[in-house]
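Residue numbers start at 1 and run along the sequence shown.
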Amino acid sequence: MANIKAAIDYVLKFEDAGLTGVVTHTADGKRTRFGIDEHYHPELTNCLFFDSMGKIAALKIAEGIYESSYCQPLCIAEITNQEVANKLLSLGVNCGTRTAARMLQRALGVEGDGRIGPITLDRLDHADPAALLTRLKHLAEEHYEALMEENPALAVYKRGWLRRAEA
């Protein structure tokens, strides 16, 4: 079974490679720390996560959010291949868990409802990990290209998105 900590560490390499804990700002002024975005986690605004909380405490909170809000819905602990688990978590954090689950289901040829359950997990257990990773990378690239086509202002993220898709 996949190691949740290893999957979270993989995602953190994209979100804050040096684990600096530096707070960055989105185009609309919202804050992000360790990849945790104030848009999606406004509950952290009042607990000093984005302000004066120490780096170690903030990292622990971020890891907890990755586990509860992303790993659990994506059933990361139930995936046998670590690379597939890492990729799925990365997609879930960047695209949303339902979109990532649909990508996985599409790659596996499973009816896509955006929720990973026994049918998806069974098909995943029997899939070739290398072929599945190739398919997931392609689907992620298609997803990002469609987002940019729909909203050209998002092209500012193209290089990072495509690098993440290919990883």
Approximate separation, where rounding is to 0.5 Å, of T97 OG1 and Q72 CD: 11.5 Å

Identify whether I8 and L19 are in the same connected component of the hydrophobic contact network (ILVMFWY, side-chain heavy atoms under 4.5 Å). yes

Please collect all salt bridge (charged side-chain N to carboxylate O under 4.0 Å, His left out) contacts where either partner lies in residues 107-125, sequence neighbours excluded, each pair once. none

Do I56 and L59 make a side-chain contact, defined as non-hydrogen atoms from C-beta onward lying under 4.5 Å apart? no

With sequence neighbours excluded, give me every ring pair (Phe, Tyr, Trp, His ring centres under 6.0 Å) pair touching residues 15-48. none

Any side-chain heavy-atom pair from V93 and R164 closer than 4.5 angstrom? yes

Heavy atoms from other residues, nucleotides or ligands near CD1 of I119 exceed 12 (cutoff 6.0 Å): no

One should read off an interatomic distance between L12 CG and S90 OG, to the nearest 0.5 angstrom, of 10.5 Å

One should read off an interatomic distance between L89 CG and I79 CD1, to the nearest 0.5 angstrom, of 9.0 Å

Restricting to non-hydrogen atoms, name the atom on A7 and the atom on N86 that form the minimum distance, rounded to 0.1 Å. CA-OD1, 3.1 Å

Please identify each residue that fulfils side-chain contact (heavy atoms from CB on, under 4.5 Å) with R102, with sequence neighbours left out. R98, Q105

Minimum heavy-atom separation for L124 and V84, please, with both atom names. CD1-CG1, 4.0 Å

Name all residues meeting the side-chain contact (heavy atoms from CB on, under 4.5 Å) criterion together with Y157; count only those two or more places apart in sequence or in a different chain, and write none if there are none. L154, W161

If you define the side chain from C-beta out and look only at heavy atoms, does anything of V11 sit under 4.5 Å from Y70? no

A100: what forms a side-chain contact (heavy atoms from CB on, under 4.5 Å) with it, not counting sequence neighbours? L74, L88, L91

Quick one, L44 and M53 - any side-chain contact, counting heavy atoms below 4.5 Å? no

All pairs passing salt bridge (charged side-chain N to carboxylate O under 4.0 Å, His left out) where residues 2-12 contributes a residue, at least two apart: K5-D9, K5-E63

Ring pair (Phe, Tyr, Trp, His ring centres under 6.0 Å) partners of residues 45-65, not counting sequence neighbours, each pair once: none

For residues A167 and F14, report the shortest heavy-atom separation together with the two atoms involved. CB-CZ, 3.3 Å

Among residues at least two apart in sequence or on other chains, which ones pass side chain to side chain donor-acceptor pair (under 3.5 Å) with N81? none

hydrophobic_cluster_shared for I116 and I4, side chain cutoff 4.5 Å: yes

Which atom of S68 lies closest to which atom of P73, heavy atoms considered: O-CD, 3.5 Å

To the nearest 0.5 Å, atom CG of N94 lies from atom NE2 of H143 at 7.5 Å

Any donor and acceptor pair, going by atom type alone, linking the side chain of T45 with main-chain N or O of P42 inside 3.5 Å? yes

Check for me, please, whether L147 and V156 land in the same ILVMFWY cluster - side-chain distances under 4.5 Å, paths through other members count. yes

Between V22 and R33, is there a side-chain heavy-atom distance shorter than 4.5 Å? no

By side-chain contact (heavy atoms from CB on, under 4.5 Å) - contacts of A6 (at least two apart): N3, Q82

Only pairs at least two apart or in different chains count here, so list each side chain to side chain donor-acceptor pair (under 3.5 Å) that has a residue in residues 127-141. H138-E142

Minimal heavy-atom distance between A107 and L132, with the atoms involved, is CB-CD1, 3.6 Å

dist T24:OG1 -> D37:CG (nearest 0.5 Å) comes out at 8.0 Å

Working to the nearest 0.5 Å, report the span between CD of E38 and OG1 of T32. 8.0 Å

If I compare all heavy atoms of Y144 with all of C95, which pair ends up nearest, and what's the gap? OH-SG, 3.4 Å

So which pairs with a foot in residues 147-159 pass salt bridge (charged side-chain N to carboxylate O under 4.0 Å, His left out), sequence neighbours left out? none

For residues 66-89, pull every pair meeting salt bridge (charged side-chain N to carboxylate O under 4.0 Å, His left out), keeping only residues two or more places apart or in separate chains. none

